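Lettering of chains follows the sequences in order, A, B, ..., and the numbering in each one begins at 1. Computed from a predicted model, the values in this text were never measured in an experiment.
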Amino acid sequence: MSSLLGARRDPRMARAGAVVLGIGLAIMPFVVGAGAGTAWVRVLDFALLYIMLALGLNIVVGFAGLLDLGYIAFYAVGAYLYALLSSPHLAVAFPALAPGLHWPVWVILPLGALVAGTFGVILGAPTLRLRGDYLAIVTLGFGEIIRIFMNNLNRPVNLTNGPQGITQIDPISIGGVSLGRSVEVAGFVIPSVYLYYYLFLIATLAVVFVSIRLEDSRIGRAWVAIREDEIAAKSCGINTRNIKLLAFAMGASFGGVAGGLFAGFQQFVSPESFTLLESIMVLCMVVLGGMGHIPGVIFGGILLTVLPEALRYGAVPVQTALFGKVLIPPESLRMLLFGLALILVMLYRPAGLWPSATRKRELAVAREAAEGRSE
Amino acid sequence: MSDVLLAASGIGKRFGGVQALQNVSLTIRRGEIYGLIGPNGAGKTTFFNVLTGLYAADAGEVILDGTRLNIGVPHEVTQQGIARTFQNIRLFGNMTALENVMVGRHLRSRAGVIGAVLRTAATRAEEAAITDRAHRLLQYVGVESRANDLARNLSYGEQRRLEIARALATEPRLLALDEPAAGMNATETAGLRLLIESIRADGVTLLLIEHDVKLVMGLCDRVAVLEYGEKIAEDVPEVVQRDPKVIEAYLGGAID
């Protein structure tokens, strides 16, 4: 487990690289907004949310090797928690609470992490003895259970407003400044999506930081040991039950934070945002990017958020230019290409598009061995 | 301090209709190399798995240095001072050799999530101590030059040694080796023998399952023989070798 970029480089170079990266990230929304329109800044915002989700799932799947197909449930828990604690909705069920709860975001987000983490433990506990396919099936079921609860908890007490979802959620506001409206700074108007970009960027950097620190620690090593060989890990003195639950809790808490940010950003949540397909999407980000490798997972998150959007905008004009009409609707094309990309990656880059340095070294060794044999 | 490090008494283990172990009792003395031999299927590895916590025994108990072992809970058994290696090497293949040994330090260190994220002074000191200790253990077993290679890329003999280093990292009082010489050539076996002797010299008691009878008889202070899940002999090698029941178990009895 090495540093972020796999190899330790000259510290001066590394610092210069960090400064360039920082400036790049800071001016990104303005460049993208000016070049491609505000809609694309919104895509960037979502990319950041998905990076957080992918990094959370990476702890469970990438580090600890526990295949979780219901991860989006924790995103849902975080989102609904924010929605309930920061909208007029609770007053519907409990008139005493009128005009609803409007808690500040810095209370809700840590609470969201905590509640989602607790759900992680609750859903993880029954699966401790399961591995591989069986674990995947059970977690898939749990993910669906949470969504179906959200869908039906409008009776007997209207907690989630059922399939209609919760509306009128307060936009996130920090220090009295609402991110839901554009802000004017020195005659310079910064639109709402730009503000969210910076908030999400800070949250994502925090999640990346926590991930890196955990990976290179006693806990991170224990996770990887369990992934590699659970029985050996046990006999090395690792309490696999607790360490696995910790992985579920940490992964879920990232999801909870991302969910809260999502609810504040959209100002609307409904069960439709938390389907199985979303879980699979996040899993694909982890697997395509490079399981267990933080930069790879970030790359996967960006790629799988931006590419489908690019297809959505690009598919129609390109097809009209080529064939004079739209042969395949963009929605189907997206899935088609997506499936193809997945198959190709699994065939030719089984360790992901950007695997970790150790994995790369290992592949190189294998290749040399193969070449040595063929000569 | 009594002379006896480990006392197993009346251990029984049944898998469905097969009585894998029946009333097996044995004592291992402090500082000795104890061998456990027997024909294939005699229950050696089952006994090993009971002792190191992987299986819960149906009957009997194990006392290690005066305290009852929590059989069936491997990490607690390791905590109490028994470490093991596996017959078919079980390393963490995609971790480096160094990291493998560092995992062995898990239960002798304590950094949690908060310490890891904030990287406090205490955590940094602990990590440095873990790394240092791991390097010394790699040196001890002689695979220091491969510290940064993935465990799966090590040679067979190196993997065996690495597994021993990982077990030693847990600071065991009893180190249990399941067929450590399996698949080794004569030179590797000789090297292994030196390693086992130096581990004993450093104050760790050893329990050895081995097929290589020459190695066992030359190395062990005392030997127990299992057959069909029962102990048929336990004594110094010279006596065990001449025991008619042992000879019968290995070579078959006379036909009447």
Interface check, chain B: of A/Cys236, A/Ala222, A/Ser211, most non-hydrogen pairs under 4.5 Å belong to A/Cys236
What part of B/Ser109 gets within 4.5 angstrom of chain A, counting heavy atoms only: side chain, backbone, both, or neither?
both
Which of the residues A/Asn239, A/Ile219, A/Val210 is involved in the greatest number of heavy-atom pairs with chain B at under 4.5 angstrom?
A/Asn239
Check whether B/Glu127 reaches the backbone of A/Ser217 with its side chain - one donor and one acceptor, N or O, closer than 3.5 Å.
no
Looking at A/Ile243, A/Leu246, A/Ile231, which makes the most heavy-atom pairs under 4.5 Å with chain B?
A/Ile231
Can you establish whether the number of heavy atoms outside A/Leu347 located under 6.0 Å from its atom CG is more than 12?
yes
Within a reach of under 6.0 Å around CZ of B/Phe48, are more than 12 heavy atoms found that belong to other residues, nucleotides or ligands?
yes
Where do B/Val103 and A/Ala225 come nearest, in terms of heavy atoms and distance?
CG1-CB, 3.9 Å
May I have the step-by-step check of side chain to side chain contact (heavy atoms under 4.5 Å, CB included) for A/Arg221 and B/His106, ending in yes or no?
CA-CA 9 Å; A/Arg221 284 193 298 271; B/His106 181 86; over 6 Å; no
For residues B/Asn94 and A/Glu228, report the shortest heavy-atom separation together with the two atoms involved.
N-OE1, 2.9 Å
Is there a donor-acceptor contact under 3.5 Å from the side chain of A/Arg218 to the main chain of B/Ala111?
yes
Pick one of side chain, backbone, both or neither for B/Ile82, based on which atoms fall under 4.5 Å of a heavy atom in chain A.
neither
Close side-chain approach of A/Thr240 and B/His75, heavy atoms under 4.5 Å:
no
Please report the shortest heavy-atom distance between A/Asp216 and B/Arg119, naming the atom on each side.
O-NH2, 3.7 Å
Answer yes if the side chains of B/Arg84 and A/Ser235 hold a donor-acceptor pair under 3.5 Å, and no otherwise.
no
Looking at side-chain heavy atoms only, is the closest gap between A/Leu214 and B/Val113 below 4.5 Å?
yes
Can you confirm whether more than 12 heavy atoms, excluding those of A/Arg131, are under 6.0 Å from its CZ atom?
yes
Below 4.5 Å from any heavy atom of chain A, which atoms of B/Arg108 appear? Answer side chain, backbone, both or neither.
neither
When you look at CZ of A/Phe119, are more than 12 heavy atoms from neighbouring residues, nucleotides or ligands closer to it than 6.0 Å?
no
Counting only heavy atoms closer than 4.5 Å, note whether B/Glu126 contacts chain A via side chain, backbone, both or neither.
side chain
Partner chain A: residue of B/Val117, B/Val77, B/Leu91, B/Thr52 with the largest heavy-atom pair count (under 4.5 Å)
B/Val117
How about OH on B/Tyr156, more than 12 heavy atoms from neighbouring residues, nucleotides or ligands closer than 6.0 Å, or not?
yes
Inter-residue atom distance B/Phe86.CZ - A/Asp229.CG, 0.5 Å rounding
7.0 Å
